[in-house]
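Quantities reported herein were computed from a predicted structural model and do not represent experimental measurements.
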Amino acid sequence: MNTKNRRFSNKKIRVLLAKAGLDGHDRGIKVIAMALRDAGMEVIYLGLRRTPEEIVSAALEEDVDAIGISLLSGAHTVLLPAILALMKKKGLHGTLLIGGGIIPDEDQAALRKKGVAAIFTPGAETTEIVRFLKDAMGEKSTGRYRRT
């Protein structure tokens, strides 16, 4: 097993969660944080009203495998691409970005094309989010996952 594969087989998945922009509703993201923790992941929760710069800086500092952003404010078409651009600029090429919240279907497709790995809307089961992250990290450890 090479060093890259060993990185994922012996450590917990580290996920940074944040509420971006002016949205002040945090009940859902706290439920997700607990579900990820209960599934054995390390969770770093930044809290409310975080800027893309704060989120990406924290992701670098914490060496996370994934960033999860919850948006209910309607600013998803601005904030998620801004986070993606900063991730690329700062060299977070192997870090997943997932989004959640009130995001219309047509916006979801456009965001996925830009590089958001997955979007979970209200009603998504926490087990679905856990499964997605575990599957994505398994693919990443074998070199099959590709994210720019």
Side-chain angles (χ1 to χ4, degrees), residues 4 7-8 12-148:
K4 282 184 181 179
R7 175 176 182 226
F8 295 101
K12 291 182 176 185
I13 297 170
R14 291 176 58 86
V15 182
L16 180 133
L17 296 176
K19 295 289 293 183
L22 299 176
D23 184 2
H25 302 278
D26 63 352
R27 184 177 296 173
I29 198 166
K30 286 179 177 178
V31 169
I32 292 166
M34 288 187 298
L36 298 180
R37 181 204 60 202
D38 291 349
M41 298 181 199
E42 290 184 38
V43 178
I44 299 100
Y45 176 52
L46 291 184
L48 298 168
R49 298 178 185 93
R50 298 300 172 185
T51 66
E53 293 80 7
E54 289 173 318
I55 293 164
V56 173
S57 290
L60 277 166
E61 246 178 64
E62 296 290 346
D63 189 29
V64 298
D65 301 303
I67 299 170
I69 303 299
S70 174
L71 295 153
L72 299 172
S73 65
H76 51 272
T77 58
V78 173
L79 292 169
L80 290 173
I83 292 167
L84 282 168
L86 283 169
M87 289 171 67
K88 186 173 183 175
K89 181 179 178 182
K90 300 289 184 175
L92 290 175
H93 302 293
T95 304
L96 298 177
L97 177 62
I98 62 174
I102 308 295
I103 302 174
D105 291 343
E106 59 273 11
D107 291 346
Q108 289 180 37
L111 290 167
R112 282 194 195 97
K113 281 183 184 178
K114 290 180 180 181
V116 176
I119 296 172
F120 299 94
T121 56
E125 295 288 329
T126 56
T127 54
E128 181 185 355
I129 299 166
V130 168
R131 187 176 331 110
F132 173 81
L133 287 169
K134 286 184 174 182
D135 288 350
M137 291 304 111
E139 291 177 8
K140 187 176 172 183
S141 71
T142 61
R144 291 192 317 246
Y145 184 80
R146 300 281 189 261
R147 179 62 55 212
T148 54

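If you take CE on M34 and CD1 on I29, they are separated by 12.0 Å, rounding to the nearest 0.5 Å. For the atom pair OH (Y45) and CG (L36), the distance works out to 13.0 Å, reported to the nearest 0.5 Å. Distance check: L46 CG to L48 CG gives 10.5 Å after rounding to the nearest 0.5 Å. With rounding to the nearest 0.5 Å, the separation of CG in L16 from CG in D63 is 11.5 Å. The OG1 atom of T95 sits 14.5 Å away from the NZ atom of K88 when rounded to the nearest 0.5 Å. The line from CG of L60 to CE of M87 is 9.0 Å long, rounded to the nearest 0.5 Å.
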Test side-chain contact (heavy atoms from CB on, under 4.5 Å) on V15 and V64; report intermediate values, then the result. CA-CA 6 Å; V15 182; V64 298; over 6 Å; no
Any chance you could lay out the side-chain contact (heavy atoms from CB on, under 4.5 Å) test for V116 and L96, step after step, and finish with the verdict? CA-CA 7 Å; V116 176; L96 298 177; over 6 Å; no
For I83 and L97, what are the C-alpha separation, side-chain angles and deciding distance, and is it a side-chain contact (heavy atoms from CB on, under 4.5 Å)? CA-CA 8 Å; I83 292 167; L97 177 62; 4.0 Å; yes
Before you tell me yes or no, could you show the steps for E42 and I13 under side-chain contact (heavy atoms from CB on, under 4.5 Å), namely the whole-Å CA-CA distance, both residues' side-chain angles and the distance that decides it to 0.1 Å? CA-CA 6 Å; E42 290 184 38; I13 297 170; over 6 Å; no
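For the side chain to side chain contact (heavy atoms under 4.5 Å, CB included) test, residues two or more places apart in sequence or in another chain that qualify with A82 are P52. With sequence neighbours left out, E62 forms a salt bridge (Lys or Arg N to Asp or Glu O under 4.0 Å) with R14. P81 pairs by the side chain to side chain contact (heavy atoms under 4.5 Å, CB included) definition with L111, K114, not counting sequence neighbours. Remark: A20 pairs with I55, I69, L71, L79 by the side chain to side chain contact (heavy atoms under 4.5 Å, CB included) rule, at least two apart or across chains. Residues meeting the side-chain hydrogen bond (donor to acceptor under 3.5 Å, both in side chains) test with K30, sequence neighbours left out: D26. For R49, there are no side chain to side chain contact (heavy atoms under 4.5 Å, CB included) partners two or more places apart in sequence or in a different chain.
Residue L133 comes nearest to A66 through the heavy atom pair CD2-CB, 3.8 Å, listed as atom of the first residue, atom of the second, then distance. Looking at every heavy atom in both residues, V130 comes nearest to A35 through CG2-O, 4.1 Å.
Pairs passing the side chain to side chain donor-acceptor pair (under 3.5 Å) check and including a residue from residues 68-87, sequence neighbours excluded, read K19-S70, H76-D107. For residues 116-126, no pair satisfies side chain to side chain donor-acceptor pair (under 3.5 Å), with sequence neighbours left out.
Side-chain atoms of Q108 come within 3.5 Å of backbone atoms of I103 as a donor-acceptor pair (strictly under, hydrogens ignored).
Between I44 and L17, the closest side-chain pair of non-hydrogen atoms is not below 4.5 Å.
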